[in-house]
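For ligands, and for the atoms within them, numbers begin at 1 and follow the listed sequence. Predicted model only: the values in this text are computed from it and were never measured.
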Amino acid sequence: MSTYQVVEKFVSINGEGRRAGELAAFIRFKGCNLQCSYCDTSWANEPGCESERLTKEEILSWIRETGVKNVTLTGGEPLLREGMEELIEAILEDPSQRVEIETNGSVDLKPYHILKNRPSFTMDYKTPDSGMEKEMLLSNLELLDSEDTLKFVVSSRRDMEKALKILEKYRLIGKTAVYFSPVFGRIQPVEIVDFLMEKKLNDVKLQIQLHKVIWDPQKRGV
Ligand SMILES: C[S@@+](CC[C@H](N)C(=O)[O-])C[C@H]1O[C@@H](n2cnc3c(N)ncnc32)[C@H](O)[C@@H]1O
Ligand SMILES: Nc1nc2[nH]cc(C(=O)O)c2c(=O)[nH]1
Ligand code: SF4
Ligand SMILES: [Mg+2]
């Protein structure tokens, strides 16, 4: 039987993505294949990080107990964890549940995209300042549609210029929801607004991580 290494699970409002502001039940899985320069959850990627091993049934029963309909699977990198397809399918057997996956753009979305009930992807394209751009699997960009979100977490004008190149090259605006989000503390949100105005970027949204405004930005479990 698969077990899943979970470093935290909690209910909060979703601070990011298309359901920002709505209640969500979060499950954070241990471990990641990337090392982004700005990662705010690098603690969850440490081999020595404490975790609990939960079965699919234990995760399902926790979700049920929360009474929350939006489920966000995050990490670490959730899509690298064994048995993830099985877990997603099991959650989505209840038609009132919605599953959103936070994923880093380096893992092939196809096996998840073809599921009978598929989750919504919130996929990052890692821009140059992350140090991880070379890891991006560009074929993922073709799979994103109106149910999904493409996120550029940016630190600089250089990152925004690169994001714009990707949006143009793969004709992504209008195809999927597009967000620019500041790396917390590294760029002023107004610089993003100025860029959107300068480039006349309609249908791209600025998003600030709500949970870092509501709570101490270092606080876990919110
Ligand atoms: C911690 S990651 C986990 C999921 C997956 N590994 C990924 O990168 O998408 C969740 C989201 O938080 C964002 N994030 C991480 N550190 C951040 C920071 N310092 N400021 C803004 N967003 C950050 C990531 O870019 C990603 O969109
Ligand atoms: N409140 C809250 N919303 C979130 N949305 C995505 C998160 C993540 O770490 O993936 C996150 C998180 O850590 N907290
Ligand atoms: S991919 Fe996600 S979890 Fe992994 S280092 Fe980057 S931001 Fe952190
Ligand atoms: Mg987070």
Side-chain angles (χ1 to χ4, degrees), residues 5-47 49 51 66 68 70-81 84 98-109 112 119-137 140 144 148-156 159-160 162-163 177-189 191-192 205-222:
Q5 274 190 289
V6 172
V7 294
E8 60 176 1
K9 55 188 190 328
F10 56 93
V11 172
S12 185
I13 49 104
N14 200 335
E16 303 170 25
R18 59 201 302 133
R19 294 198 174 272
E22 293 182 25
L23 285 179
F26 289 87
I27 304 168
R28 192 180 304 285
F29 297 91
K30 180 172 172 171
C32 188
N33 58 325
L34 304 188
Q35 286 184 297
C36 301
S37 61
Y38 52 73
C39 182
D40 60 7
T41 50
S42 55
W43 58 271
N45 307 338
E46 299 293 334
C49 170
S51 61
T66 67
V68 170
N70 296 324
V71 176
T72 300
L73 306 180
T74 186
E77 176 48 51
L79 294 188
L80 285 174
R81 312 287 62 101
M84 199 49 69
R98 295 180 283 252
V99 174
E100 183 184 11
I101 312 269
E102 296 274 334
T103 184
N104 67 20
S106 77
V107 184
D108 193 357
L109 300 184
Y112 304 93
S120 168
F121 302 109
T122 297
M123 194 194 90
D124 276 18
Y125 179 94
K126 301 294 180 188
T127 44
D129 289 359
S130 71
M132 293 293 130
E133 191 182 14
K134 61 184 184 311
E135 305 294 336
M136 292 302 94
L137 187 64
N140 278 340
L144 301 175
D148 307 307
T149 299
L150 175 63
K151 207 162 120 185
F152 297 91
V153 175
V154 299
S155 303
S156 62
D159 277 356
M160 292 189 282
K162 186 58 196 269
V178 178
Y179 288 85
F180 280 20
S181 191
V183 172
F184 192 80
R186 280 209 198 158
I187 182 171
Q188 290 304 316
E191 293 178 60
I192 299 179
K205 293 188 183 73
L206 163 68
Q207 182 162 75
I208 297 168
Q209 293 175 297
L210 279 178
H211 49 297
K212 293 193 186 164
V213 177
I214 300 173
W215 294 280
D216 175 343
Q218 306 295 332
K219 192 171 161 67
R220 294 185 191 176
V222 292

Worksheet item: Counting N and O atoms only, with roles assigned by atom type, does the side chain of Gln209 sit under 3.5 Å from a partner on the main chain of His211, one being a donor and the other an acceptor?
Response: no

Practice prompt. Output the list of atoms in ligand 2 that are nearer than 4.0 Å to some heavy atom of Asn14, sorted by atom number.
Written response: 3 (N), 4 (C), 5 (N), 6 (C)

Worksheet item: If you round to the nearest 0.5 Å, how far is OH of Tyr125 from CG of Asp159?
Response: 10.0 Å

Fill in: Side-chain donor or acceptor of Ser181 paired with backbone N/O of Gln207 under 3.5 Å
yes

Item to complete: Would you mind checking which non-hydrogen protein atom is closest to atom 10 (O) of ligand 2, with the distance to 0.1 Å?
Response: Thr74 OG1, 2.6 Å

Discussion item. What I want to know is whether Trp215 and ligand 2 share at least one N or O pair that is separated by under 3.5 angstrom.
Written reply: no

Practice prompt. Around atom 3 (N) of ligand 2, find the nearest protein heavy atom and jot down its residue, atom name and distance.
Written response: Gly15 N, 2.9 Å

Worksheet item: Would you say Ser155's side chain and Ile187's backbone share a donor-acceptor pair under 3.5 angstrom?
Response: no

Worksheet item: Backbone N or O of Ser51 within a donor-acceptor pair of the Gln5 side chain at under 3.5 Å?
Response: no

Discussion item. For ligand 2, which is the ligand I care about here, please tell me if Phe26 has any N or O atom under 3.5 Å from one of the ligand's N or O atoms.
Written reply: no

Worksheet item: Do any N/O atoms on Thr41 end up under 3.5 angstrom from N/O atoms on ligand 2?
Response: no

Discussion item. Counting only heavy atoms closer than 4.0 Å, does ligand 2 sit against the backbone of Ile13, its side chain, both, or neither?
Written reply: backbone

Worksheet, complete the sentence: Taken to the nearest 0.5 Å, the spacing of Glu46 CD from Lys30 NZ works out to 9.0 Å

Worksheet item: Is a side-chain donor or acceptor of Lys126 paired with a backbone partner of Val153 at a separation under 3.5 angstrom?
Response: no

Practice prompt. Tell me which one of Arg28, Gln209, Glu16 gets a heavy atom nearest to atom 9 (O) of ligand 2.
Written response: Arg28

Fill in: Donor-acceptor contact below 3.5 Å, side chain Asn140 vs main chain Leu109
yes

Practice prompt. Mark yes or no for whether Asn70, through its side chain, and Leu23, through its backbone, hold a donor-acceptor pair below 3.5 Å.
Written response: yes

Worksheet item: Do NZ/NE/NH1/NH2 and the carboxylate oxygens of Asp129 and Arg186 come within less than 4.0 Å?
Response: no

Worksheet item: For atom 12 (C) of ligand 2, which protein heavy atom lies nearest, and how many Å away is it?
Response: His211 NE2, 3.6 Å

Practice prompt. Give a yes or no on whether the backbone of Gly105 and the side-chain of Asp124 come within a donor-acceptor separation of less than 3.5 Å.
Written response: no

Practice prompt. Return the residue, atom name and 0.1 Å-rounded distance of the protein heavy atom closest to atom 14 (N) of ligand 2.
Written response: Val222 O, 2.9 Å

Discussion item. Taking non-hydrogen atoms within less than 4.0 Å of ligand 1, which protein residues qualify?
Written reply: Glu16, Tyr38, Cys39, Asp40, Thr41, Thr74, Gly75, Gly76, Glu77, Glu102, Thr103, Asn104, Asp124, Lys126, Lys151, Val153, Pro182, Val183, Phe184, Gln209, Lys212

Fill in: Residue and atom names of protein N/O/S atoms that fall under 2.8 Å from atom 6 (Fe) of ligand 3
Cys36 SG

Practice prompt. Mark yes or no for whether Lys162, through its side chain, and Pro128, through its backbone, hold a donor-acceptor pair below 3.5 Å.
Written response: no

Worksheet item: Do NZ/NE/NH1/NH2 and the carboxylate oxygens of Lys151 and Glu102 come within less than 4.0 Å?
Response: yes

Discussion item. Tell me if a side-chain donor or acceptor on Arg28 pairs with a main-chain N or O of Phe10 at a distance below 3.5 Å.
Written reply: no

